Undergrad: 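The structure that follows is given in the form of structure tokens.
What you see is a predicted model; the values in this text were computed from it and never measured. These numbers come from the heavy atoms of this one structure, side chains and all, not from hydrogens, waters or symmetry mates. Just so we're on the same page: letters track the sequence lines, and every chain starts at 1.
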Amino acid sequence: MNIVVCVKYVPDAQADRTFSQDNTTDRTNVDGLLSELDEYAVEEALKLAEAGEGEVTVVTVGPDGAAEAIKKALQMGADKGVHVLDDAIHGSDAPATSLVLAEAVKKAAGGSPELVLMGLASTDGTMSVVPAMLAERLGLPQITQLSSLEIADGKVTGRRDSDAASDTLEAPLPAVVSVTDQINEPRYPSFKGIMAAKKKPVETWSLADLGVDAGQVGLESAWTKVESFTARPPREQGEIVTDEGDGGTKLAEFLAKAKLI
Amino acid sequence: MADQIPFTETEERQALRKSVAAFASKYGEDYWLEQARAGKKTDELWADAGKQGFLGVAVPEEYGGGGGGIGDLAAVCEELSAAGCPLLLMVVSPAICGTIIASYGTDEQKQRWLPGFADGTRKMAFAITEPDAGSNSHNITTTATRTDDGWTLNGGKVYISGVDEVSDVLVVGRVESAKTGKLRPALFVVPTDAEGFSYNQIEMGIVGPEKQFVVHIDNVKLPADALVGSEDAGIDQLFAGLNPERIMAASSATGMARRALEKATSYAKEREVWGVPIGQHQAVAHPLAQSYVEINMARLMTQRAAALYEAGEYLLAGESANMAKYAAAEAACTTVDRAVQVHGGNGLADEYGLVHMVGASRLTRIAPVSREMALNFVAQFSLGLPKSY
């Protein structure tokens, strides 16, 4: 099975993330990496490919640094990478990203892919909508947020967990599937994987290579606009109750004041 | 070759460091200390690291290893140590034994041992130190005599790490040269369950999962192929194994020093007295800055030693490995001491994870080669001063 995994290069969530002057994510002052939630999609693709015949292609849309995200996936074991790199893409929203991804996935798969895997959400935008948009653009069934996945008899089956219940979902292949961080434990790149990644092919495509009009993407074409932003206020210090024999009463008063009891 | 070695590590080695650091954070100091304090081993960590191929990075690819060099293995060692979960037997099993067998073993010996070093399923201890000879291979008294079908080994060793958790020990003994009749060093693989082979644990005041042993070797019968490679290559084999040992020991020490410095630095940023973080005072800041300098100098020398070794520049590598070992141990001792001081009383509380490093850092000044022997090497070979012993 030939699997395409769409991944995103994001600013390190451990660092102090901020915005650039045009109110887009600042990617220059913070180290970037392969979105951690996408590692689960890469791992699942590798497991499927290892269990049978198949090839894993990693596709990303992003700036120069996004090559790092592809490299990490190749070090984990993916076979080849595609980097869609074009200055006109800067500032694209989710609909535009899904448009570029759809064309990149089709071209990477030589028509229609057998399976497209994605993470739960990016760790920067955290919108979780691109898998659904991509499925729509490709005209494929979508099953999102799976915490288990099986391929058999030309179908993909999986479980989607929610607080109250779990659904078992099924779709004919080809399909677009997104997976959660419960589905597996992503591997660490082994030394052999790191050395092998050096020799794996990575293609870099522009919008023109994909036949996408630059006017359909980018900051100016985005459906939404970030007008301004403020930093999250620092957490205020909580109330400290000193127990002088009446700690229980004071605690009860505090909870009652907050209407918790 | 030697003058072309760059001052930064390759992209691949940096990626290896990142991967090992992420892997090690799954275990970390809490796991390591818990196992050590309960008298248990860190077998899960060893097996897992082996499965990831981290323990076998330097084993040749044809035997299932990563095909990298001692610098790659040292990077793994340093990152595990920096994460608070060092694996002492990495210094011995893949670095010394693995290197010696890969370099000097017969094809059959390589086939037998190297795949196990590649995936970590084989652990081998290394026994050189003797009560009356220290690590001076010329005074070793453990002796092998030829028999009709192999060897008989007699002698004793002391301060041998991990004998209780290995299948075999690579023992440095002496054998009478067939040509000259003189006794020369030779290396033998001795199974720990061989008749006449016994060991007793030395009680140490150091916290660690790996234990130290006195080893008794009484009339141990060995097959002919227990001798690694040829009996004429003993000295070369020793140096093939001992330089990697020093590079690994230096890496483990700088890893520990990095960890201690990180703890001290974050404590100095957070701990406030009289309204400012203590790190704002130069009396606290400067020693930590000094440690940063010392650690990085030691790391640079360690990487240089590894690069020279990988380039086949063994003489230069030997000098660098001794300097790296010296510098790394000094950096580890001083940094741990400074980190404890920055923490005040907390530095000696279990909770802050520093007090166990006091003994461990002190050990780096002694083993695998003492500070004094490293300085003797530099005095004699680098400065041309008269030999002192």
Undergrad: Could you measure the distance from the CD1 atom of A/Ile194 to the CD atom of B/Glu11? Nearest 0.5 Å is fine.
TA: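 One gets 10.5 Å once the value is rounded to the nearest 0.5 Å.
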Undergrad: How about B/Tyr31: does its OH atom have over 12 heavy atoms from other parts shown lying under 6.0 Å from it?
TA: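 Enclosed: over 12 neighbouring heavy atoms sit under 6.0 Å from OH of B/Tyr31.
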Undergrad: Tell me the residues of residues 59-77 of chain A whose non-hydrogen atoms fall below 4.5 Å from those of chain B, in number order.
TA: A/Lys71, A/Gln75
Undergrad: May I ask you to check whether over 12 heavy atoms, not counting those of B/Lys18, lie within 6.0 Å of atom NZ?
TA: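 No, because the 6.0 Å sphere around NZ of B/Lys18 holds 12 heavy atoms or fewer from other groups.
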Undergrad: Tell me, yes or no, whether the heavy-atom count around A/Asp31 atom CG, taken from other residues, nucleotides or ligands under 6.0 Å, exceeds 12.
TA: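 Not more than 12 within 6.0 Å, no.
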Undergrad: Side chains of residues 46-57 of chain A: which donor-acceptor pairs under 3.5 Å do they make with residues two or more places apart or in other chains?
TA:
| unit_1 | atom_1 | unit_2 | atom_2 | d |
| --- | --- | --- | --- | --- |
| A/Glu50 | OE1 | A/Arg187 | NH2 | 3.4 |
| A/Glu50 | OE2 | A/Arg187 | NH1 | 2.7 |

Undergrad: Using every non-hydrogen atom in the two residues, find where B/Ser19 and A/Pro189 come nearest and quote the distance to one decimal.
TA: OG-O, 2.5 Å
Undergrad: Counting neighbours of CZ on A/Phe229 that are heavy atoms of other residues, nucleotides or ligands and sit closer than 6.0 Å, is the number greater than 12?
TA: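 Buried by this count: over 12 neighbours within 6.0 Å.
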Undergrad: Does atom NZ (B/Lys40) have a neighbourhood of more than 12 heavy atoms from anything else shown, all under 6.0 Å?
TA: no
Undergrad: Are more than 12 heavy atoms from other residues, nucleotides or ligands located less than 6.0 Å from atom CD of B/Gln14?
TA: yes
Undergrad: Looking at A/Glu150, I want to see if its CD is surrounded by more than 12 non-hydrogen atoms of other residues, nucleotides or ligands under 6.0 Å.
TA: no
Undergrad: Taking only heavy atoms into account, what residues of residues 48-63 of chain B are found under 4.5 Å from chain A?
TA: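 So the qualifying residues are B/Gln52, B/Phe54, B/Val57.
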Undergrad: Would you find more than 12 non-hydrogen atoms of other residues, nucleotides or ligands less than 6.0 Å from A/Phe254 atom CZ?
TA: no
Undergrad: How would you list, by chain and number, every residue that makes a side-chain contact (heavy atoms from CB on, under 4.5 Å) with A/Asp209, sequence neighbours excluded?
TA: A/Trp205, A/Ser206
